[in-house]
Every structure is written in structure tokens, then in C-alpha cells.
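Structure first, then comments.
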Amino acid sequence: MIKTIIIDDEQHCTDVVLKLTSSYPDVFNVLGTFNTVEAGIEGTKFLQPELVFLDVMIGNQTGFDYLKQIEHINFNVIFTTAFETYAVEAFRFSALDYLLKPIDKDDFHATVLKLQKVVETSDLKNKIDVLFHNLKVKNALKRISIATSDGYVFVEVSDILYCNADVNYTHIYTKHGEKITTSKTLKTFDKLLSNNHFFRVHNSYLVNLNYVTKYTKGKGGYVTMQDNKNIDVSVRRKEEFIQRFIKIS
Amino acid sequence: MCLIYALLKKSFCYFVFIISAVLCSQEQKELDSLIIQLEKQTEKDSIRAQLLVTTSNKFVRKDLAKSYELAEEALNISTDIKWKKGVVLALRQMGVVYYRQGNILKATEQWYKALEILKTIENSALLESSIYNNLANIYSDSGEFDKALTYYNKLLSISEKLDNKSSQIIALTNIGTLLTEREASIDNGIESLEKALALAKEIRNDRYELSILLNIGLAYKRKRDYKKAEFYYLKVQGLAQQNDDKYVQILVFNNLSNISILKRDYAQGERYAKQTLNLAKEIGAVEWEASAWENLSNIYESRNQSKKALTYYKNHIKLIDSFNAMQNKEELASLEAKHKYNLEKQLLNTAHEKKQLLAEEEINRQKLIKNTSLLVGFIVLVASIIGVTLFRRKQLAVAKAKEIELKNKVTDTELKVLRAQMNPHFIFNSLNSINSYIVKNDSESATNYLTKFSKLVRKTLESSTEKEVLLKDDIEILKNYLDIENKRLNNSFTYSIKVDDAIDASNTLIPPLIFQPFLENSIWHGIAQMERSGHISVAFKKENNVLFCVVDDNGVGRKQAIKVSKENTSLGINLTKNRIDIINAQNKTKGSLRIIDKEQGVRVEVKLPLKLAF
């Protein structure tokens, strides 16, 4: 049984989460529901929950305001939001869980399955750090949480040289010479990073345009990265690549 | 290359200058007295309309916006009092204003409207030939010299018959100008211009004299007789200043700047270019502003100050772009459609003998439209060649400008698509269904339905901001859509979506939700009307470089559907047609759409260019 609280300023949203949790009586033990940030903080101190369903917009404050005021976050957080694009992007970067309202039964089920796995509290703290960091800084300075076989790695986006797809895995190469392997697909990173100077030059390569040192012409041509690695540019991506590349340099 | 470009534009505007002179062929009253007369003549009658046109023409050289305003009022008055000739005069004047603004398409549109109305007026030979004269200017711009010459000669012979001196001058000047455009006939051209000059002096018309001198100057410039050219230009400059004709002053300064550059007198060239720039800014003549920046850029490049040259060149490209943007293809297409429509309307109304005349005219019209688009194309081509041959960064400026233009077009369509995808019909039907579950107290179904519905809305909103999505993702959304509709219809149909093995759905790009309107039609006009359960099959195949998509249903078919429901269902289909047309135009492909009525149900075949992501 997971000790759970719900923080949401709209009663009907709270009701929906209550309804959904009630269909998993063996999993959730809902201790309380709160409709302001202040009440949520008090409730958290008092009830010591293991899981918080946290709304993003709470009155004129946010769920982030709530988290900032908790000294030791030793519980899991699942954000709930309707359409705050910036927040959803931030969750994706930090690999924090979120549910989109109105909450779909199947999505909720997937979340329940995830919750039953063991969560490292240190990872959670780092993820939330990444979240706060990204909410503060501009695009290029963002950090990203990457799930690996033994926990999470937290990387500055501007440290990534390129990503390489390997069937269902992705290898991420950083400028410090590290190689990080994750079970997320390259497409996931493409979606996440395409607004941050990253470009998919090839079906299996996503490169950080800031580290492309040279482009050599050819049918599609190839790029040379800062670590001297040559990466082919797909013929169909050539034109767009050149446009993006020139825009940056 | 730059020089050719500049010359082309130049000659084009000399013609304009002449045309506008046609319009005030009656009398030479001063602008002030015209304005006073206008103030007195407040009655909305033909006298005021005539006055407005005359005054508008005076303003063409000083204030294009004001000129347009006056012509528009003249058009409104003439339309109200059903004075056809006034309508024609006003339209002709509006055309001239558009032409001055560099908007060829709009200009021709006005002139063709005028010609259509003229067909119903007797004794209008001179008026008609004056409009043909205007159109001939466009012919000569697009290189159809013989045709232009024919129209000019028509004007000449009619005006000689009627002994109308000013029309003779116009015809002679335009013929002369045209002839001087070709190396072989330059001297003949100058001869013709001299004739016109003599006539202009005879009737003491400064304005005609101005334009003729200007053209003679250009002819000598073309002959590389710079000394003589400069002599004529300086003469024009004096005359233009006397008449406060800023437009002509711009032309003169620009040409003098060109000549100075050719003579490698860069200091002088810069002075003249700056004068051009100031005046062009003052009266808002975009293409001349652009030309001045180009000259400045050339001057600084010759002085090896490439940074400044680049900045000026960027200014040039920016202005050229805004000039070109006005004349995009879509406008051309709609213009063509409008003409066709008007023509058909008139064909019905007029007697049989007029038919042939109209048909002939339509051929001319279409040729003209073709030529105009060729001209626009040529300008774009020349602009990009300059970009390529000059240093690389200039290329970037051109690409950027083009990108913005294209983006605007695409955004426009995206918006329309977005609206159609979020078909209000669909939204409210869905909300109705949810409501009915709530009324029936079936909260389980209601919440299931609602969350599926909101997922679809979210995905649709996301994908409609993309120009292209992966086939795989698009199919997901289609499935989601079909599931929702099926739920609402109590599972009254089954569906299958098949993708041929030759297609890699996760590496194939298609425009988002392009098939959704067909599914919607199949469901609501095919299957929903049926008693028994239906089936929709969607299949994607590959044929050479074409993505071949078939949507098949076994519903009641289109004829039956129209009987059962009287709603207009073609909006979604039309929109899809438009999208395919735009894709074709952008990529020079041959996508197509075919709707086939089967014995049982409807089959839709869509062919799209097969586009891979990588």
C-alpha cells in the first residue's frame, strides 16, 4: 500500500483521481486531499506521504512552488496537468511522471505498473533538481535525465555531442568522452531536443549542431564532429541540414 | 547580371509613366484648381467622378495611396449612378495605381474588368485601345514584342484617325521605347521618340516631353553613349524638378547612379544612389528603394568594403522580397478563375456573334497570365542567380527571404486545415454522446469516451502544427478517430488499415490527417445510413515513387447519401484537394485525388509523392 495524498485546487479533478485510485484498493491508501499549496505543505509534513498527485496550476501558484518549499522530498511525485505545454516539456526532460487531464484509464494503469517498481530516492531528488534547473534557464542550458540500466544519469544538454540509434537502444556521446546507453529510442531524443540545436542528420544519428566542426559535400555529404567522428548526412536531410547549420554558425 | 535586372525593371516603369499620361488626355489643369473644383462639386454625379479620376491621375506621381482613394471613390460613384464609362475610367485609373505599386496582377485585373464593361458601350474605340495600350506594356515587359507592337500600332492608327494628338504621342513613345529595347532597332526607336517629342512640344505638354526625353536617355545608355545619355537625363531632371515630379526624379537619379557606376565614378554614383533612396522612401516606391540599395551595395563592393556591401544587399533583398510576395501564384490562380467565371457569365448574356470575340480575348488573357507568371518567375530566378554568384552569405539572405514567403503560405493553409480537422460537427457530436451517457448514468462509458476524445483532440492539435508527420503516427490518430466514431455508432462498423510491406511506415512522411475527411464521409454518409453493419478498409501501397492510398467503404454510396442527408459534405474533400494542389505546387509533384462511386459504397484513391524522412 502506498501512502498517497492529492493536491489540486479543483474538486472535480480530485474526485477523478480518487475514483481512479479506488479501483486499485491494494495499491493506494489515500490519506488526504488538499486544494491549496499551503494546505498541501502542512498535510505533507503531517501525513508523511510516499506519493503525491500534484496539479501544476494551483490557484495562482504552481505545483513547483509547493515542491520548492518542501525541505526533504522523500516521496514520489506524479504531476497532473491539462495543457501546460512548458510544464509537459519540463517533465519530459527530467523524466518525471505526469498524467494529462482528463486522465485516461489506460494511462493511469500504465502509471500504476511503474509505481510498483522500486524508486531510488536519490534519483528522484536529482530529477526534481533537473526540473527546477530547466524551469529557470533558457533552452541551450537545459539538463536532461537519462534512464540507464543502473539508474539515471543527469547530463547538460550542451554537453551532448551526438546520439546514435542501435536498434531499441540509444548511445549518447558527450564532449567529456562519456558514452551513455539508454533503452529509450532515438526518436524520443529527437522530439525532446530538436528545439535545442539538435538535428537528425540520419536515420540513426542525432547531432548537436554546435559541435559540428565541418561539413563535407557529397551526395548527402558528411559532418565531422568535435571528437573527429564522421557522420553521414542522409540525402533527404541534406537541404534542411544546411539551412539549420548555416543559421547557427 | 545585376545590370540586366535593373534595366528590365526600368523599362517596365517608363511604360507605366506613359500609360498614366493617357488618362488625363482631356485637359491640363493644375492640381490645386482640381482640388478646389472637387470641393465645390460635392454632388455624387458623373462630373465629380470624372474630376476624381483626373485628380487621381495627378496624384499618381506624388502620393499613390491618395491616388487610389480618389479612383476608388470615382468607381463607387460611377457604379451607383450606373455610368458605365465612368466605371471604365475609374477601373483604368486603379489599374494604373496598382501598376505603379508594382502589383501587375491587380493592375491587369482592373483592366480586364474595364474591357468587359467596354463591350457593352458604343463608340469606345479610343478608350478601348488605350486599355490595350496599357496591357501591351505588360506584354512588352514579358518579352512579347510583336504582340505589344500590334496593340501600340492599333492605338496609333485610331488616334491618327481621330486626330488625337496626345494618344498619338503615347503610341509613338511606346513604340519607340519598345524598339529601343532591341539592339537592332535602337535607331528606329530613337526616330520614333523624336517624332513624339516634336508632337509633345507642339501641344506644350511637359509631362509627355519628360517621359520621351527619359526614354531617349535610356536608349543612349543602351547604346553605351553615356555622354549623350547623361545630357538627356540632366535635361529631364531640370524639367521634373520644375513639375515637382518625384517619381521621374527617382528614375533619373537611379539611372545617373547606374551610369556613374559604369563609368567607375563611384563617389558620384553613391551621391545619386542616395538621392534615389531618399526620394523613393519619401513616396514609398519600394522597387526603386531596392534598386538604390543594390547600387550602393555594388559601389561598396567595388571599394572592397564587403561588410557594408552585404548590409546594403540585405536591404535590397528584403525589399525585393516584399515586392515579389505580392504576386504569388495563388493570386494568379484566383485571378484566372475569376476571369473564367466572368467570361462565362457574359457569354450567357450576349448574343452569339460576340462569342467568338470573347473566346479570342480569353486566349489573350490566358497568355497574358502565363506571361505575367513567367515574368514573376524570371524576376525570382534572376534574384536567386545573383545570390548564388555573389558571395555565399548573400545566398543565405535569399534563402531566408524565400523561406519566409513560403512559410506565410503554408501557415495560411495550416490554419485552414486546423479548423477543418477540429470539425465543429465532430466536436459537438462527441459532446452529445458523452452527455447521453451521463443522462443514462453510465459514468464508466462517459469517462472512457471523454478521455479517448480528449486524447484525439490533443494529438490532432499537436500534429496540425507539423507540415508532415510519420505515416505510423498518422495511422495511430486515424485509429483513435475510428474507434471513437465506432463507439458512438454502437460498433456498427469494422475497419482494417493495411500498410504494404514495401512501405516503412516509420520512415514515410505524409501531410497530417489528410485522409481523415474521407473516413468521416464514409462513416457519416455511407455507413451511418445503413441498416446492416459496414466495413471500411484503408490500404497504403507503393507504386514507383508514389504513395497510393485507398479508402473503401460498403456504405450507401454518394447518391443515396445526398438523398438522406442534405448537408454539404464537400468542405473536407475540397480542403484535401487544395492541400494536394499546394503540395504539388511546392514539390513539383503530381499528387491526385479520385472519388469512385461503386455499386455498393464509395472508393477514394489518393496519390501522394512518396516522401521518406531519411
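Proteins get letters first, then strands, A, B, ... in listed order; numbering begins at 1 in each.
No more than 12 heavy-atom neighbours from other residues, nucleotides or ligands sit within 6.0 angstrom of CD on A:E239. Residue-environment remark: NZ (A:K184) stays at or below the threshold of 12 foreign heavy atoms within 6.0 Å. Other residues, nucleotides and ligands place more than 12 heavy atoms under 6.0 Å from the CG atom of A:D166. Counting non-hydrogen atoms of neighbouring residues, nucleotides and ligands closer than 6.0 angstrom, the NZ atom of B:K459 exceeds 12 such neighbours. Surrounding CG of B:N491 are more than 12 heavy atoms belonging to other residues, nucleotides or ligands, all under 6.0 Å away. No more than 12 heavy atoms of other residues, nucleotides or ligands shown are found within 6.0 angstrom of CG on A:N168. Under a cut-off of 6.0 angstrom, the local environment of OH in A:Y24 is crowded, with over 12 non-hydrogen atoms contributed by other residues, nucleotides or ligands.
Only the backbone of A:I103 comes within contact range of chain B, with heavy atoms under 4.5 Å apart.
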Where do B:K455 and A:D106 land on the salt bridge (charged side-chain N to carboxylate O under 4.0 Å, His left out) test, with the steps shown first? CA-CA 12 Å; B:K455 258 193 180 176; A:D106 301 340; 5.8 Å; no
Could you walk me through whether A:K105 and B:K452 satisfy the side-chain contact (heavy atoms from CB on, under 4.5 Å) test, starting with their C-alpha distance in whole Å, then the side-chain angles of each, then the deciding distance to 0.1 Å, before giving a yes or no? CA-CA 9 Å; A:K105 217 171 64 177; B:K452 294 277 175 312; over 6 Å; no
Before giving the answer on salt bridge (charged side-chain N to carboxylate O under 4.0 Å, His left out), spell out for B:R458 and A:D104 the whole-Å C-alpha distance, their side-chain angles and the decisive distance to 0.1 Å. CA-CA 13 Å; B:R458 203 184 294 279; A:D104 182 55; over 6 Å; no
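Closest approach of A:R237 and B:A613 over heavy atoms only: CD-O, 3.0 Å. Residues B:T451 and A:P102 approach most closely at CG2-O, 3.8 Å, considering heavy atoms.
Put simply, the side chain of A:R236 gets close to the backbone of B:F614: a donor and an acceptor are under 3.5 Å apart.
Residue with the most contacts toward chain B among A:K19, A:K101, A:R200: A:R200 (heavy-atom pairs, distance under 4.5 Å). Of the listed residues A:D107, A:V201, A:V235, the one with more heavy-atom pairs under 4.5 angstrom with chain B than any other is A:D107.
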